[in-house]
Amino acid sequence: MDRLDRKILSVLQANARARVTLDSHSDNTLEKFGETLASIPEVIEAHLVSGDYDYLLRVVVKDTRDYERLLREKLYKIKGIRHSRSSFVLRTLKKADLPLFVD
């Protein structure tokens, strides 16, 4: 995607990161959580991470009101979530393709 397309998309969409902690880490809980996330189109990336929370989600919505709707109608209804925290991307300072490591 070229710079113009990204600029247009940034105006039309709000880009958020949600950090999610689960109540349990059983295989069943993790599997069901992953399946549920896969069915939510606004969640465009989901990463199992180390640290203070379990998952880092990249979420794209129209605006903050749409994000509130997503939380109430979809994310907060997922069983097994202990808590979540959200942050909105205000500006992207760097976005690069992954480097290819060749020996």
Among residues at least two apart in sequence or on other chains, which ones pass side chain to side chain donor-acceptor pair (under 3.5 Å) with Arg17? Asn15

Roughly how far apart are [X] [atom1] and [Y] [atom2], rounded to 0.5 Å?
X: Leu70; Y: Tyr76; atom1: CG; atom2: OH; result: 9.5 Å
X: Arg69; Y: Thr64; atom1: CZ; atom2: OG1; result: 12.5 Å
X: Lys74; Y: Ser39; atom1: NZ; atom2: OG; result: 7.5 Å

Show every donor-acceptor pair shorter than 3.5 Å between a side-chain atom in residues 86-94 and any protein atom, with sequence neighbours excluded, or say none if there are none.
{"unit_1": "Ser86", "atom_1": "OG", "unit_2": "Tyr67", "atom_2": "OH", "d": "2.5"}
{"unit_1": "Ser87", "atom_1": "OG", "unit_2": "Arg19", "atom_2": "NH1", "d": "3.1"}
{"unit_1": "Ser87", "atom_1": "OG", "unit_2": "Arg19", "atom_2": "NH2", "d": "3.4"}

Could you check whether atom CZ of Arg65 has more than 12 heavy atoms from other residues, nucleotides or ligands sitting under 6.0 Å from it? no

Are more than 12 heavy atoms from other residues, nucleotides or ligands located less than 6.0 Å from atom CZ of Arg85? no

Taking the side chain as C-beta and beyond, is there a heavy-atom pair between [X] and [Y] under 4.5 Å?
X: Leu57; Y: Glu45; answer: no
X: Ile40; Y: Leu75; answer: yes
X: Lys62; Y: Glu42; answer: no

Applying side-chain contact (heavy atoms from CB on, under 4.5 Å), run through Ile81 and Phe33 and close with a yes or a no. CA-CA 9 Å; Ile81 292 181; Phe33 184 72; 4.0 Å; yes

Examine Ile78 and Val43 and state if one hydrophobic cluster contains both, with Ile, Leu, Val, Met, Phe, Trp and Tyr joined whenever side-chain heavy atoms are less than 4.5 Å apart. yes

Answer with yes or no whether the hydrophobic clustering places Val60 together with Leu37; edges join I, L, V, M, F, W, Y residues whose side-chain heavy atoms lie under 4.5 Å apart. no

Closer than 4.0 angstrom, basic N to acidic O: yes or no for Lys77 and Glu73? no

Does any donor atom in the side chain of Ser26 or Thr29 lie under 3.5 Å from an acceptor atom in the other side chain? yes

Non-hydrogen atoms of Ile44 and Pro41 that approach each other most closely: CG2-O, 3.8 Å

Sort out for me which residue in Val20, Thr21, Leu22 forms a side-chain contact (heavy atoms from CB on, under 4.5 Å) with Tyr53. Thr21

